[in-house]
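This report refers to the structure that appears directly beneath it.
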Amino acid sequence: MGVNRLAEETSPYLLQHADNPVDWYPWSDEAFEKARDEDKPVLLSVGYAACHWCHVMEHESFEDDETAALMNERFVSIKVDREERPDVDSLYMDAVVALTGNGGWPMTVFLTPEGEPFLGGTYYPPQPRHGLPSFKQVLLAVSDAYKERRGDIAQQANAIVEAVRRSNELAPSNDPLTEGILSQASRALRSQFDVEWGGWGNAPKFPQGSLLEFLLRMHLRGDEDALPMVTATLDGMAAGGMYDLVGGGFHRYSVDRAWLVPHFEKMLYDNSLLAATYLHAWVVTGEARYRYVVEETLDYMLRELRLPEGGFASAQDADTDGVEGLTFTWTPEEGVREELLHPFEERRFVIRGELGDAERQRLFELREQRPKPLRDDKAIAAWNGLALAALAEAGRRLARRDYVHAARELADFLLGPLSADGGRLHRTFRAGQAKGTGYLEDYADVAHGLTELHVATGDLRWLEEANRLARLAVELFGDEERGGFYLSPADGEQLVARKKDLEDQPTPSGNSMLAYVLLKLARIYGDEELERRAVGVFRLVHGALARVPAAFGHALTALDLHFSPPREIAVVGAVDSPVARAALEPFQPSTVVAVGPSEGVPLLAGKGLVDGKPAVYVCERFACQAPITEPEDL
């Protein structure tokens, strides 16, 4: 039975479990009806295709006949891909964190047939170890408690749902928003900074693109400590290990402080965000080594993650043939210089150090002959939006036509196969099929990517689509009462609580990204209502921004834009004309740009070519200086 239900899904993660002896259901009304009819608790298991410990738990427990028999007899089991259903994942992760103090994947949560969580955890081993009970012991204990102590279970479920609901009903702060928040956040980041290796935190260590973007902006504000933190972190991450010196691109995180031994999965979102950050660092510092990382990373994405439809796959697995890092690690017999080799495990090594071009090419060709890790080839709208922004801006700044071309095809994919009738976004696309409702981050990230593509190409269509999607997002996700935006649309499936996602980890939250996009559009369209909506987000996170800045990098970036003096550039005529290129060359993140001519966009209205030549109009709150046609006059 279980085989057939997941076999009809498109998620690679669910398909990995289609042959388990467990009678799995996808998340569905049918599963909860069965739980109600048979009066059984629901076992919800959440993971994703590139998750190492998810594979381990599958192998140890879900492929084990005895464990599966216990699950089938006493529970209704539901399997969810967290990347397909961020609403389900986020809600029940809150519950697990409330219960146990920490979260992670694989996530195992026990629910009532009404979907209310009453117990949960992450990975459970097949035998008791490290103070953890075995998975079978947990199954028996939960099932017995559900039969014999129903009142206690109901009470516990009520208390958890109440706690999760309360945590999502954050009241907006009435304290004034001041620029002091930015400098407080920068000081807090400085106090937690790893001076030796760059970055924040100890081990494991995660790349924090959004924090580095915020610090680049603080550097422009005259903060002398900001740029050294950025360059130390970028240099530390790019030294090799977590960064793939042979094939380009970043692995998910480093298990040590020194960015050396990675957890080997590669995610589309990390690579998209970091490519943009290294690009901005190259513009600010002029250091060629940052430009190399941008090109190697985007070339990696185009080579390994691009799909025939023009979108990008989500991830490459950490494991190859069941062995972690097999594709990416080396043995001394393979002719790698000894000083480049740093021990990983089982006589395999990671590469760190200076690689010459010929040496890199030789190692790359050697590695290409190995089996590749599995690829999670579903396209996720939000992550593709981040990829779109990186490709479009890098294509423009590095004069890489191939990047701009790939960005155009990606935008066509997002607005074509990944969009529904009526112009709403789907969440995922795989095997010719778009699925699921788009969530807040999907709309926000795609709108962000489209604004960058508009500047890269000068094509008005992309700006108009960004504006349409951002306004649609306000309508679908906005909270009139408290401000900010919900994760799922008002007309979407109603879970036991409706969540707001506010933290920028590991990607910008939908709230921060939409605030950022709305501020830009407010200045291009002269629309104060859009600005008011963005400020509503800042009021929700006001208290946390300076206190825990590491969790709110993109919100701080958006707040920097909010506090920057409004400055607009209207380009009329070819965006690759010398005058337009010169105007758009510096890193000026607080300047908004629109390219015309167009009478339908307020910033562009009434502005034309000058004596038939492309012209740049530099404006503040729509009060514009005389148009400029020669680069030296800028």
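What you see below is based on every heavy atom in this structure, not just the backbone, and it leaves out hydrogens, waters and symmetry mates. Predicted model, so just to flag it, every value in this text is computed and none were measured.
Smallest separation of non-hydrogen atoms from T327 and P373: OG1-CD, 3.3 Å. Closest of all the heavy-atom pairs between R165 and A497 is CG-CB, 3.6 Å. Here the closest heavy-atom approach between residue P117 and residue I160 is recorded as O-CD1, 3.5 Å. For the pair F214 and S186, the tightest heavy-atom approach, listed with the atom from each and the gap, is CE2-N, 4.1 Å. Closest approach of N168 and V164 over heavy atoms only: ND2-O, 2.9 Å.
Note that CG of L43 and OG1 of T108 are 6.5 Å apart. Values are rounded to the nearest 0.5 Å. The OG1 atom of T233 lies 8.0 Å from the CG atom of L215; values are rounded to the nearest 0.5 Å. Distance NE2/H554 to OG/S210: 6.0 Å, rounded to 0.5 Å.
For the pair K205 and W200, the cation does not sit on the ring face, since its NZ or CZ is not both under 6.0 Å from the ring centre and inside 45° of the axis. Within the cation-pi definition used here (under 6.0 Å to the ring centroid, within 45° of the axis), K500 qualifies as a partner of Y486. In this structure, R150 forms a cation-pi arrangement with Y146, its terminal cationic atom sitting closer than 6.0 Å to the ring centre and no more than 45° off the ring axis.
A donor and an acceptor atom, one from each side chain of Y13 and E58, are nowhere located under 3.5 Å apart. For the residue pair Q127/S134, the side-chain donor-acceptor check at 3.5 Å is not satisfied. Residues S254 and D256 bring a donor and an acceptor atom of their side chains to less than 3.5 Å of each other.
Between F264 and H251, the ring centre distance stays below 6.0 Å. Aromatic rings from F250 and Y243 are positioned such that their centres are separated by under 6.0 Å. Taking the ring centroids of Y253 and F206, they lie under the 6.0 Å cut-off. Less than 6.0 angstrom separates the ring centroid of W383 from the ring centroid of Y269.
Within the 4.5 Å cutoff, side-chain heavy atoms of M267 are placed close to those of E265. Using a 4.5 Å heavy-atom cutoff, the side chains of Y300 and D244 are not in contact. A 4.5 Å side-chain heavy-atom check between Y278 and T297 finds every atom pair outside the cut-off. The closest side-chain heavy-atom distance from E84 to S11 is below 4.5 Å.
Heavy-atom neighbours of D29 CG from other residues, nucleotides or ligands within 6.0 Å: at or below the threshold of 12. The local environment of CD in E346 is sparse, with at most 12 non-hydrogen atoms from other residues, nucleotides or ligands closer than 6.0 Å. Annotation for E368: atom CD counts as buried by contact number, over 12 foreign heavy atoms lying within 6.0 Å. Annotation: R347, atom CZ; neighbour count of heavy atoms from other residues, nucleotides and ligands within 6.0 Å does not exceed 12. Crowding of E338 atom CD: a count of heavy atoms from other residues, nucleotides or ligands under 6.0 Å not exceeding 12.
Listed for the S191 side chain is a donor-acceptor partner under 3.5 Å among the backbone atoms of A188. Counting only distance, with no hydrogens or angles, the side chain of N72 and the backbone of A68 share a donor-acceptor pair below 3.5 Å. The closest donor-acceptor contact from the side chain of R348 to the backbone of T329 lies under 3.5 Å. Using a distance-only test at 3.5 Å, with no hydrogens or angles considered, a donor-acceptor pair links the side chain of W259 to the main chain of W197.
For the ring pair (Phe, Tyr, Trp, His ring centres under 6.0 Å) test with W53, the passing option among Y123, Y48, W105, Y124 is Y123; the others fail.
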Would you sort out whether D376 and R430 count as a salt bridge (charged side-chain N to carboxylate O under 4.0 Å, His left out), showing the intermediate values?
CA-CA 10 Å; D376 182 339; R430 185 177 176 275; 5.7 Å; no
Walk me through it: do R370 and E334 pass the test salt bridge (charged side-chain N to carboxylate O under 4.0 Å, His left out)?
CA-CA 12 Å; R370 298 178 186 165; E334 290 172 299; 2.9 Å; yes
I would like to know whether E63 and D19 meet side-chain contact (heavy atoms from CB on, under 4.5 Å); could you show each step before the answer?
CA-CA 8 Å; E63 289 176 355; D19 295 329; over 6 Å; no
Take R129 and E60 through the test salt bridge (charged side-chain N to carboxylate O under 4.0 Å, His left out) and record every step on the way to the result.
CA-CA 14 Å; R129 61 172 182 248; E60 292 172 342; 3.7 Å; yes
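Salt bridge D39/K147: absent, no basic N to carboxylate O contact under 4.0 Å. The pair R252-E324 does not meet the salt-bridge criterion, since no charged nitrogen lies less than 4.0 angstrom from a carboxylate oxygen. Electrostatic pairing of D87 and R85 counts as a salt bridge here, judged by a charged N lying under 4.0 Å from a carboxylate O. Salt bridge absent: E169 and R498 never bring a charged side-chain N and a carboxylate O closer than 4.0 Å. In summary, R427 and D81 do not engage in a salt bridge, as defined by a charged side-chain N under 4.0 Å from a carboxylate O. No salt bridge links D317 with R375; every basic N to acidic carboxylate O contact stays at or beyond 4.0 Å. For the pair E196 and R257, the salt-bridge criterion is met [side-chain N within less than 4.0 Å of a carboxylate O]. A salt bridge links R5 with D23: the closest approach of a Lys/Arg side-chain nitrogen to an acidic carboxylate oxygen falls below 4.0 angstrom. Between K79 and E9, none of the side-chain N atoms (NZ, or NE/NH1/NH2) sits under 4.0 Å from a carboxylate O, so this pair counts as no salt bridge.
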